[in-house]
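Whatever order the structure lists ligands and atoms in, that order sets their numbers, starting from 1. Computation of the quantities below employed the complete heavy-atom set of this structure, encompassing side-chain atoms and omitting hydrogens, waters and symmetry-equivalent molecules.
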Amino acid sequence: MLTMDARKLAEDARAIFTAAGATQENAEIVTHSLVDANLTGHDSHGVIRVPFYAQEIRDGRLDPRASPRVTRETGSTAVMDGAATFGQVASRMAADLAIAKAREAGLGSVVAMNCHHTGRIGEWVERIAAAGMIGMSTTAGGGGPYHVAPFGGAKGGLGTNPIAWAMPRARGRPPILLDYATSSVAQGKLQVARAKGEPVPPGTILDAEGRPTTDVEDFFAGGLMLPFAGHKGYALGVVVQLLSVGLSGGEVSGDDQRASCLSVLAIDPNAFRPREEFTDYVETTAQRLKSVPPAPGFSEVLLPGEPEARSRERRSRDGIPLPERTWEAIQTTAREFGVVLSAG
Ligand code: NAD
């Protein structure tokens, strides 16, 4: 395992994306998102994606120079076309637009179609919480591949369909943050397990014949993921699909990586009661939860979002751990674009 400085890693990723044809602005946004995903501990959505995005650019499936645009709008809603550029660029724009609309109308709801991979969607709700609002986001593919089996099903019917919510806190504290796939594991985490050569926990994946397995290679040989929490995760995955794709009109036939769709909602607490009263209640709730004594086998009760906040603080200071295999793949991509790397 290597340890990389976040700023140097960002410099390198930015240089690769720029060499691959991205505008400065797009390269800056996608790089920030990938490195921040590593900082929060979600390596599955971090720089491990650089070689994949570069390949998508080369294959003409990701347009690194495009700008997403609004195609339909009301005072509190908008529909966007992600323009098949980095999904992080469309997602950031959607979050900012939802915030602006919520400032005016109390609620802002923005959906986007034709996005490429939308990354760690917790970032979009953290952005909304940083503006003092409650944020919600979902993302799903407008077409296949469907790698997640519906509850009780033997074939895939959904993607990993993540959902994120963030609640703002007083005095600049990191928000309460819910951000996870509705599958038992995010697909990127299977890639991380593969890069590390590690097995996955039981109850996570099925092999191509629908048999339970912990060998991550079985998934990549045509296997499936299971929804989390059985029928409960499955039902939530269906809702994510319909919110993201159904509202944005981003459905496509067949498999298409760039057909990701997104929904973002911003709620201004001020429209309901003074914001400070809301954040006071968030603190009361947080303190009640933090004061619960730990159960056997646990050292403390964490708030949703605390793992990410702690990881961000630690990794900003001590560096980002990166498997050799991931770094080698980034080096290979850099060589292909004639980029000399500064980290390592
Ligand atoms: P996960 O299982 O690691 O769960 C993370 C969530 O659980 C966070 O909200 C975290 O704060 C909370 N949490 C973790 N431990 C906790 C504890 N002990 N106490 C309280 N809360 C705790 O998430 P995941 O399903 O592996 O998803 C990882 C990432 O993948 C997410 O950032 C998600 O947005 C991203 N993702 C993106 C896509 C896409 O297409 N863009 C698809 C799937 C997943």
Should you measure from each heavy atom of [X], which atoms of ligand 1 turn up under 4.0 Å away?
X: L302; result: 18 (N), 19 (N), 20 (C)
X: T139; result: 39 (C), 40 (O), 41 (N)
X: A186; result: 26 (O), 27 (O), 30 (O), 44 (C)
X: R120; result: 32 (O), 34 (O)
X: H117; result: 39 (C), 40 (O), 41 (N)
X: G305; result: 11 (O)
X: E308; result: 5 (C), 8 (C), 10 (C), 11 (O)
X: L178; result: 9 (O)

Quiz item: For the side chain of R315 and the backbone of T40, is there at least one donor-acceptor N/O pair under 3.5 Å apart?
Solution: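 No; judged by distance alone, with no hydrogens or angles, the pair does not exist.
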Ion pair [X]/[Y], N-O distance below 4.0 Å:
X: D268; Y: R103; result: no
X: E300; Y: R310; result: yes
X: E126; Y: R120; result: yes
X: D43; Y: K189; result: no
X: E306; Y: K290; result: yes

Query raised in the report: Does ligand 1 have any atom that is closer than 4.0 Å to a heavy atom of T118?
Result: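 Contact present.
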Just to check, does A164 reach to within less than 4.0 Å of ligand 1 when the distance is taken from its heavy atoms?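 It does not, in that no heavy atom of A164 comes within the 4.0 Å cut-off of ligand 1.
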If I apply the N/O under 3.5 Å rule, does [X] come out as touching ligand 1?
X: K189; answer: yes
X: P307; answer: no
X: I121; answer: yes
X: H42; answer: no
X: S44; answer: no
X: V185; answer: no

- Distance flag, aromatic centroids of F228 and Y234, threshold under 6.0 Å: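 That pair fails the under 6.0 Å test.
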Check your understanding: Are H117 and F52 near enough that their ring centres are under 6.0 Å apart?
Key ->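 No, ring centres 6.0 Å or more apart.
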A181 contact mode with ligand 1 (heavy-atom cut-off under 4.0 Å):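 The answer is both.
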* To do: Applying salt bridge (Lys or Arg N to Asp or Glu O under 4.0 Å), run through R211 and D207 and close with a yes or a no.
  => CA-CA 5 Å; R211 291 175 303 218; D207 69 13; 2.9 Å; yes
[atom]: which protein heavy atom is closest, and how many Å away?
atom: atom 7 (O) of ligand 1; answer: Y180 CD2, 4.0 Å
atom: atom 36 (N) of ligand 1; answer: H45 NE2, 3.1 Å
atom: atom 21 (N) of ligand 1; answer: P304 CA, 3.5 Å

Check your understanding: Is at least one protein non-hydrogen atom found at under 4.0 angstrom from atom 12 (C) of ligand 1?
Key ->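 It does not: no protein heavy atom is found less than 4.0 Å away from atom 12 (C) of ligand 1.
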inquiry  = L226 and side-chain contact (heavy atoms from CB on, under 4.5 Å): which single residue from S184, P150, S183 fits?
reply    =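 Of the listed residues S184, P150, S183, the side-chain contact (heavy atoms from CB on, under 4.5 Å) partner of L226 is S184.
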- Query: Is there a path from W124 to M113 through hydrophobic residues (I, L, V, M, F, W, Y) whose side chains come within less than 4.5 Å of each other?
  - Reply: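 No: no chain of side-chain contacts under 4.5 Å links W124 to M113.
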*asked:* If the condition is side chain to side chain donor-acceptor pair (under 3.5 Å), which residues does D215 pass it with, not counting sequence neighbours?
replied: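 Result, side chain to side chain donor-acceptor pair (under 3.5 Å) vs D215: none returned.
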